[in-house]
Amino acid sequence: MISPEALALLMFAATCVALLAGYPVAFTLAGSALAFAYIGWMFGVFDLVFLLAFPQRMFGIMTNEVLIAVPMFVFMGCMLERSNVAEELLGAAERLFGGLRGGLGVAVSFVGALLAASTGIVGATVVTMGLLSLPTMLKRGYSPSLATGSICAAGTLGQIIPPSIVLILLGEVISNAYQKAQLEQGIFSPDVVSVGDLFAGALFPGFMLVGMYIAYQLAYGYLRPKSSPALSFEERHQNEEPILLHVARALVPPLLLIVAVLGSVLVGVATPTESASAGAFGAILLAGRRLPEARRACTVALIALAPLFFLATGFDMRIARDVIPTADWIAIILAVLLCIPICWGAGVGLFHLYRKGTLVPVCQSSGKIASMVFIILIGASMFSLVFRGYGGDDMIHEFLSGLPGGVVGGLILVMAVMFVLGFFLDFIEITFVVVPLVAPTFLAMGVDPVWLGVMMAINLQTSFLTPPFGFALFYLRGVAPSSVRTMEIYRGVVPFVVLQLLGLLLLSYFPALATWLPEVIFG
């Protein structure tokens, strides 16, 4: 008689083999789970009653308001990708930092951080910066390995700097695991971990990585001047517009969007889902502002958004109240008046974006990416249901609890496994397959959920860079000139992988890097 634990391990192994063979992720997860559920039923070690819980899980996914943020943020990223915001940012940053040795690499890291905070889509960022920056860096005499490594590393910052799709998905998984761990401990009014907590917790570690990238490139340029020469004065001033004015004109629109999206979450005036809708709306205005026909209307709408944001943060805008103070009535009337130019600007922008052939491809790309995420989530839900029906979660809990070193030993092992899986599997697969299995155990052992989520996010970010299957490497290889060899791309990302592992080590020794800001903001 085969044991339930053995079938659980066989199911996990068979799923990994099928994923490595290239089968679709969602159907592999759900298909292997159903197959092993019936195998277990035939051997008399699995009760098919467990499968009756699947419709309830489906309904939970469909009614989860937090997950609505995913298609909104994807739409925002796709719209900004096609509005050439990156091109303008890179041009301004190259003029600002180009006078330094390694300055173009610093500009790439700086723009990568800004794009991460405004788009959060790794593939779009790597491809865009590869098309715009790599030819310039090679033309200026930069080492191909340094140039490609800088672009790949900067492009993956969208995984850790909020708003990040990874943090939204991880936040949902960690929140469910945290509540489960507390209920099993007899805590029937459990604390809640929100996506906003992870957003706040990831800010300092994300900017720490940006600082490490910049410091490395400046040091490399100082030690090996020929590898990353500085731009001449004439090259930086080919554009007659003053540098500071150029930088301000390029930076202000995306910074306003970042403040609107992140600020609303961190200040507490909006949920991640509401901030995602604000980000998608702002992306429409920014994209429309770049079209001559819609520039004036979209600019007026953007200007009107600022006072509307301050009204929302400073006054109670709810109408369904018995008594509304005079000050709140005035704020509500002003908000309604401000919505008129905002809606007009958005309508004009959408109309001209549609005419220019931008809106339809953006909606199609957003639909494809969001559908992929949700169908994988559904397949992973079936997988975790069958795995727990076999008692696999208890088996993992006993295994991790019995490791030498306790919590530390278990964390080291899981982080190492996630790092290795990142060579072969996508971050969504790891998030939905591995994290739900191990997170409840660590949270039950007293690990801080925000710190654990940020640690996992940085680890998943590293998976985009690790040769030979890092997705960022494939994205850049697809747009890099034929003169750049694949081994140069691999060699270029190795120092940045080491920097990310160093950042992971620093975060493990100083958990306050991830936990201090959420405690200050959300208590």
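What you see is a predicted model; the values in this text were computed from it and never measured. These values consider heavy atoms only, across backbone and side chains, with no hydrogens, waters or symmetry-generated copies.
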For Phe75 versus Ser366, what's the shortest heavy-atom pair and its separation? CA-OG, 3.2 Å
For Glu488, which residues count as a salt bridge (Lys or Arg N to Asp or Glu O under 4.0 Å) partner, sequence neighbours excluded? Arg485
Within the side chain of Tyr213, is there an N or O that forms a donor-acceptor pair under 3.5 Å with the backbone of Met208? no
Taking the six-membered ring for Trp and the single ring otherwise, decide whether the centroids of Phe46 and Tyr38 are under 6.0 Å apart. no
From Ser275 OG over to Phe199 CZ, what is the distance, rounded to the nearest 0.5 angstrom? 6.0 Å
When rounded to the nearest 0.5 angstrom, what distance separates CG in Leu502 from CG in Leu507? 11.5 Å
Quick check against the 3.5 Å criterion: does Asp197 have a side-chain atom that pairs as donor or acceptor with the backbone of Val450? no
Euclidean distance, Leu9 CG relative to Phe387 CZ, rounded to 0.5 Å: 6.5 Å
Sub-3.5 Å donor-acceptor pair from the side chain of Ser365 to the main-chain atoms of Val362, do we have one? no
Which heavy atom in Ile151 sits nearest to a heavy atom in Val108, and how many Å separate them? CA-CG1, 3.9 Å
Considering all heavy atoms of both residues, which atom of Ala69 and which atom of Ile168 are nearest to each other, and what is their separation? CB-CD1, 4.0 Å
Report yes if some heavy atom in the side chain of Trp41 is under 4.5 Å from a heavy atom in the side chain of Asp47; otherwise report no. no
Would you indicate whether the side-chain heavy atoms of Ile375 and Ser371 approach each other to under 4.5 Å? no
Would you give the length of the straight line joining atom CD1 of Ile160 to atom CD of Gln461, rounded to the nearest 0.5 angstrom? 6.0 Å
Atom of Ala18, atom of Thr28 and distance for their closest heavy-atom approach: CB-CG2, 3.4 Å
Locate the shortest heavy-atom distance separating Gly171 from Val195; write the atom from each residue and the value. CA-CG2, 4.3 Å
Does any part of the side chain of Phe496, heavy atoms only, come nearer than 4.5 Å to the side chain of Cys152, both counted from C-beta? no
Evaluate the side-chain proximity of Gln500 to Met212: yes if any heavy-atom separation is below 4.5 Å, no if none is. no
Taking Ser175 for the side chain and Glu172 for the main chain, is one N or O donor matched with an acceptor at less than 3.5 Å? no
Hey, does Val386 have a side-chain heavy atom less than 4.5 Å from the side chain of Leu51? yes
Can you check whether Thr462 reaches Leu504 side chain to side chain, under 4.5 Å on heavy atoms? no
Given Tyr490 and Val494, is the side-chain contact (heavy atoms from CB on, under 4.5 Å) satisfied, shown in steps? CA-CA 7 Å; Tyr490 287 175; Val494 169; 5.9 Å; no
Any non-hydrogen side-chain atom of Phe374 less than 4.5 Å from a side-chain atom of Pro71? yes
Residue pair Tyr216 / Leu499, side-chain heavy-atom distance below 4.5 Å: yes
Could you state the interatomic distance from CG (Leu286) to CE (Met79), rounded to the nearest 0.5 Å? 10.5 Å
Atom pair CG/OG1 of Leu460 and Thr156 - distance to nearest 0.5 Å: 11.5 Å
